[in-house]
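Working notes for the structure below.
Just so it is clear, the structure is predicted and the values come from calculations on it, not from any experiment. Just so you know, these numbers use all the heavy atoms, side chains as well, and skip hydrogens, waters and symmetry mates.
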There are 2 protein chains.
Amino acid sequence: MNVSSKPERTRLSAEDWELAALHLIAEQGVGALAVEALARQLGVTKGSFYWHFRTREALLQAALERWEQYGEREVLGQIEQIADPRKRLPELFRRVAHELQPHRVYAALLKALDHPQVVPVMARVSQRRMEFLTTAYREAGLPAPEALNRARLTYAAYVGFLQLNFTLGLPRINHEEFDAYVEHMIATLIPV
Amino acid sequence: MNVSSKPERTRLSAEDWELAALHLIAEQGVGALAVEALARQLGVTKGSFYWHFRTREALLQAALERWEQYGEREVLGQIEQIADPRKRLPELFRRVAHELQPHRVYAALLKALDHPQVVPVMARVSQRRMEFLTTAYREAGLPAPEALNRARLTYAAYVGFLQLNFTLGLPRINHEEFDAYVEHMIATLIPV
DNA sequence: GGTTTACCATACGGATGAGTATGGATCGCT
DNA sequence: AGCGATCCATACTCATCCGTATGGTAAACC
């Protein structure tokens with residue numbers, strides 16, 4: 001939480017800037033990532049920034065790579081250790097559904113796909129997750145080509161849901177309704 | 001096609017600007033919508049633009065509203081006249097899958113959701129389409145709450161697919177593979 | 001054919017935000 | 001305590017892009 005506007009006034013590291021950048025991206029999108037704004041938020045000025053980074057582009061790049069590596073261990077790592085492959089997918093769905101924070105950055109990057117720097121990062125991340133889903137579906141009993149298509153469908157549904165309910169604020173689905181939706185997803189997407 | 005860089009040199013109307021704007025948005029995103037750039041592309045200067053529109057924002061608004069109204073008649077209108085409700089959904093899926101142009105603008109607007117002006121438009125359009133899908137699923141035999149969730153799932157899959165395959169260029173799915181994917185969608189999403 | 005109206009060019013003002021130059025402050029080490 | 005390296009502030013430059021002011025040209029109507 002060392003990110004808000006308290007004048008903490010310890011000296012900053014490159015990592016501080018990257019984390020603050022991710023935080024800002026999650027809240028206001030990539031377009032809002034301006035160095036003077038970030039500096040104000042951190043209680044310093046541009047002079048500090050340009051000591052740590054050569055350019056604004058370099059900061060964005062570093063922040064994106066940090067996010068990519070973090071998400072790698074976090075999101076997938078904890079799921080792989082669910083023993084029963086046939087229980088794995090529903091469990092995955094439910095866990096993912098009840099998190100919130102990890103999706104914020106992903107959703108923000110989703111609506112920043114017109115920025116050339118984020119496209120390759122998102123492509124890699126999405127690709128890896130879909131491959132993960134594909135093997136999960138295979139282990140759940142689907143033949144190879146079906147497993148791939150089901151993974152595509154599932155991940156597309158995830159991405160689309162973020163867009164429709166996070167970004168657009170479509171008729172703000174409430175809590176029970178959301179749980180019902182998740183169970184509906186499980187019922188129609190996961191083979192018995 | 002009166003939109004490329006030929007110096008056509010007939011005088012322009014507001015409609016010309018709006019169509020050119022939509023074209024530019026489809027190709028380069030909302031962020032690229034700058035008046036001087038558009039003017040160059042149309043073979044005129046800013047002087048022309050500010051005769052037709054009070055501001056850049058006004059042009060974007062007009063273009064979005066034009067797109068919204070056009071899409072209303074086009075995308076939904078032709079589908080409603082498929083007689084058999086149980087044939088309607090698969091037919092809808094296949095038709096939508098084999099169009100291309102209408103999705104370009106939608107995909108471009110999807111990755112411009114950080115722009116306040118496009119959010120309400122996209123919210124309205126998406127909402128209407130999902131309501132359309134919901135009644136289609138009801139007519140196909142699903143009970144009301146299931147129909148709504150299935151419509152959510154379906155439309156989320158559509159939106160996500162655009163993002164993953166249009167915007168990100170994930171391992172560029174080829175033609176036969178794409179057809180197989182569509183059939184897979186039909187098989188898993190549409191009730192027998 | 002001359003005047004009104006619609007459309008456009010040119011030239012400017014002003015705001016914003018990236019990047020640079022340079023000097024000052026603070027930390028770590030001896 | 002003193003000194004070098006690290007970190008930051010201030011004060012610029014420069015490019016971009018929106019919007020304005022104003023005069024010019026071509027179509028339209030009488």
Side-chain donor-acceptor pairs of residues 62-69 of chain B under 3.5 Å, sequence neighbours excluded:
from: B/E65; atom 1: OE2; to: B/Q61; atom 2: NE2; distance (Å): 3.3
from: B/R66; atom 1: NE; to: B/E18; atom 2: OE1; distance (Å): 2.7
from: B/R66; atom 1: NH2; to: B/E18; atom 2: OE1; distance (Å): 3.1
from: B/E68; atom 1: OE1; to: B/R124; atom 2: NH2; distance (Å): 2.9
from: B/E68; atom 1: OE2; to: B/R124; atom 2: NE; distance (Å): 2.8
from: B/E68; atom 1: OE2; to: B/R128; atom 2: NH2; distance (Å): 2.8

Pairs under 3.5 angstrom only: tabulate donor-acceptor contacts from the side chains of residues 134-144 of chain B to other protein residues two or more places apart or in another chain.
from: B/T134; atom 1: OG1; to: B/M130; atom 2: O; distance (Å): 2.7
from: B/T135; atom 1: OG1; to: B/F132; atom 2: O; distance (Å): 3.0
from: B/Y137; atom 1: OH; to: B/T154; atom 2: OG1; distance (Å): 2.7
from: B/E139; atom 1: OE1; to: B/R88; atom 2: NH1; distance (Å): 2.9

Name the atoms and distances for all side-chain donor-acceptor pairs under 3.5 Å in residues 185-192 of chain A, with sequence neighbours left out.
from: A/T188; atom 1: OG1; to: A/H184; atom 2: O; distance (Å): 3.4

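With salt bridges taken as basic N to acidic carboxylate O contacts below 4.0 Å, one links A/E183 and A/R94.
The side chain of B/Y50 has D/dG19 as its nearest neighbour among C/dC8, D/dG19, D/dC8. Out of D/dA9, C/dA9, D/dC18, the shortest distance to the side chain of B/A34 is found at D/dC18. If you check C/dC8, D/dG19, C/dG19 against the side chain of B/L12, the one that comes closest is C/dC8. Checking D/dC7, C/dT10, D/dC18 against the side-chain heavy atoms of B/V35 singles out D/dC18 as nearest.
With sequence neighbours excluded, the residues that form a side-chain hydrogen bond (donor to acceptor under 3.5 Å, both in side chains) with B/E131 are B/Q127. In terms of the side-chain hydrogen bond (donor to acceptor under 3.5 Å, both in side chains) criterion, residue partners of A/E91 (sequence neighbours excluded) are, by chain and number, A/R95. Every residue two or more places apart in sequence or in another chain that forms a ring-ring contact (aromatic ring centres under 6.0 Å, His included) with A/Y181 is listed here: A/F161. Every residue was checked against the side-chain hydrogen bond (donor to acceptor under 3.5 Å, both in side chains) condition with B/H52, not counting sequence neighbours, and none meets it. Partners of B/A34 according to the side chain to side chain contact (heavy atoms under 4.5 Å, CB included) rule, which considers only residues two or more places apart in sequence or in another chain, are B/A37. Residues meeting the side-chain hydrogen bond (donor to acceptor under 3.5 Å, both in side chains) test with B/Y155, sequence neighbours left out: B/Y106, B/R129.
If you measure from atom CH2 of A/W17 to atom P of C/dA18, you get 11 Å, rounded to the nearest angstrom. Between B/L33 atom CG and D/dC17 atom P the separation is 12 Å, expressed in whole Å. Distance A/F49 CZ to D/dC8 C1': 14 Å, rounded to the nearest Å. Atom CZ in A/R40 sits about 16 Å away from atom C1' in D/dC8, given to the nearest Å. The distance from atom CZ of B/R54 to atom P of C/dC7 is 18 Å, rounded to the nearest whole Å. As a whole-Å value, the separation of B/F53 CZ from D/dC18 C1' is 16 Å. One can place CG of B/L38 at 13 Å from C1' of D/dC17, the figure rounded to the nearest angstrom.
In terms of phosphate contacts, A/T45 brings no side-chain nitrogen or oxygen within less than 4.0 Å of OP1 or OP2 of D/dC8. Dashed line: the shortest gap from a side-chain N or O of A/H52 to OP1 or OP2 of D/dC8 is under 4.0 Å. Using a 4.0 Å cut-off, no side-chain N or O of A/S48 falls inside it from OP1 or OP2 of D/dC7.
Between A/E36 and A/G47, the residue anchored closer to the 5' end of DNA chain C is A/E36, taking for each the nucleotide with the nearest heavy atom.
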Which atoms of nucleotides 11-15 of chain C (N or O only) lie under 3.5 Å from a protein N or O atom, and what are those distances?
none

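Contact check of residues 56-66 of chain B against DNA chain C (heavy atom, cut-off under 4.0 Å) returns no residues at all.
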**Request:** Quick one, give me the B/S/- string for nucleotides 23-30 of chain C, reading 5' to 3', where B means a protein heavy atom under 4.0 Å from the base and S means that only happens at the primed atoms, P, OP1 or OP2.
**Result:** ---BS---
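In this structure, A/H175 places its NE2 atom where only 12 or fewer heavy-atom neighbours from other residues, nucleotides or ligands lie under 6.0 Å away.
Between B/V44 and B/L12 the shortest side-chain heavy-atom distance falls below 4.5 Å.
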